[in-house]
Amino acid sequence: QPDTRENQFLDWFMRGREALPLAELRRRVAAASPLYFAEHLPPFQIHQGEADVAVPARNATPLRERVSASNAREIFIYPGAGHMLDDTSAAATARAFLLRHLN
């Protein structure tokens with residue numbers, strides 16, 4: 001269902017395209033997923049709270065399994081943290097990452 005949390009942005013792919021065949025809509029969704037081109041992504045980090053109900057941590061898990069374990073591609077899941085990562089090391093970790101890769 002488009003109005004569920006897991007599909008909160010699904011209507012972006014469908015709006016104005018309702019007449020397209022389901023296979024084309026699926027192709028558009030798949031083409032927007034970083035899972036299909038992870039090896040071509042620039043350096044990135046994902047910081048995710050394990051207890052986040054707005055963006056479930058399980059969204060990051062397949063990507064973490066897909067990318068190489070390198071300094072350029074890091075995914076952090078913070079145990080017990082929700083959507084706001086204020087009480088974690090996320091900001092400091094992200095800042096250090098940016099300094100490493102912007103120089």
Side-chain angles (χ1 to χ4, degrees):
Q1 295 299 319
D3 59 347
T4 60
R5 276 217 163 99
E6 287 79 9
N7 297 312
Q8 59 188 327
F9 303 112
L10 188 59
D11 76 340
W12 184 87
F13 293 99
M14 296 178 65
R15 192 175 311 125
R17 300 172 179 99
E18 292 82 3
L20 290 176
L22 183 57
E24 176 61 15
L25 291 172
R26 285 184 176 150
R27 187 197 66 75
R28 287 173 178 263
V29 170
S33 173
L35 289 175
Y36 296 99
F37 52 87
E39 63 277 357
H40 301 290
L41 291 172
F44 71 86
Q45 284 186 330
I46 293 175
H47 295 268
Q48 181 85 46
E50 181 185 55
D52 189 337
V53 294
V55 182
R58 69 178 173 266
N59 290 0
T61 304
L63 186 57
R64 180 169 53 180
E65 293 168 357
R66 203 61 208 267
V67 299
S68 63
S70 72
N71 281 348
R73 297 186 172 116
E74 302 170 328
I75 298 175
F76 300 91
I77 298 179
Y78 298 89
H83 190 69
M84 301 304 291
L85 300 175
D86 296 346
D87 295 334
T88 69
S89 62
T93 303
R95 206 170 3 268
F97 178 83
L98 286 172
L99 289 173
R100 280 196 320 266
H101 292 284
L102 290 179
N103 292 328

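Because only heavy atoms are used, hydrogens play no part in the values below, and waters and symmetry mates are left out as well, while side chains stay in. Sequential numbering from 1 along the given sequence is applied to the chain's residues. Since we're looking at a predicted model, the values are computed, not measured.
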### hydrophobic_cluster_shared for L35 and F37, side chain cutoff 4.5 Å
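Yes: a chain of side-chain contacts under 4.5 Å links F37 to L35.
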
### Message
Does any part of the side chain of Q45, heavy atoms only, come nearer than 4.5 Å to the side chain of T93, both counted from C-beta?
### Response
yes

### Task
Look only at the side chain of Q48 and the backbone of V55, and say whether a donor-acceptor pair between them is shorter than 3.5 Å.
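Answer holds: yes.
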
### Task
Sequence neighbours left out, what passes salt bridge (charged side-chain N to carboxylate O under 4.0 Å, His left out) with E24? Give chain and number order.
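E24: salt bridge (charged side-chain N to carboxylate O under 4.0 Å, His left out) contacts with R27, R28.
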
## Note on the structure
Sorted by chain and residue number, the side-chain hydrogen bond (donor to acceptor under 3.5 Å, both in side chains) partners of R26 (sequence neighbours excluded) come out as none

Identify each donor-acceptor pair in which a side-chain atom of residues 76-86 lies under 3.5 Å from a protein atom, sequence neighbours left out, and give them as a table.
residue, atom, partner, partner atom, Å
Y78, OH, H47, ND1, 2.8
H83, ND1, D52, OD1, 3.2
H83, ND1, D52, OD2, 2.7

### Heavy-atom closest contact (G49 atom, A57 atom, distance)
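Looking at all heavy atoms of both residues, the closest pair is O-CB, 3.8 Å.
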
### Message
Testing the basics here: between A60 and I46, what is the closest heavy-atom pair and its distance to 0.1 Å?
### Response
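Reported closest heavy-atom pair: CB-CG2, 4.2 Å.
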
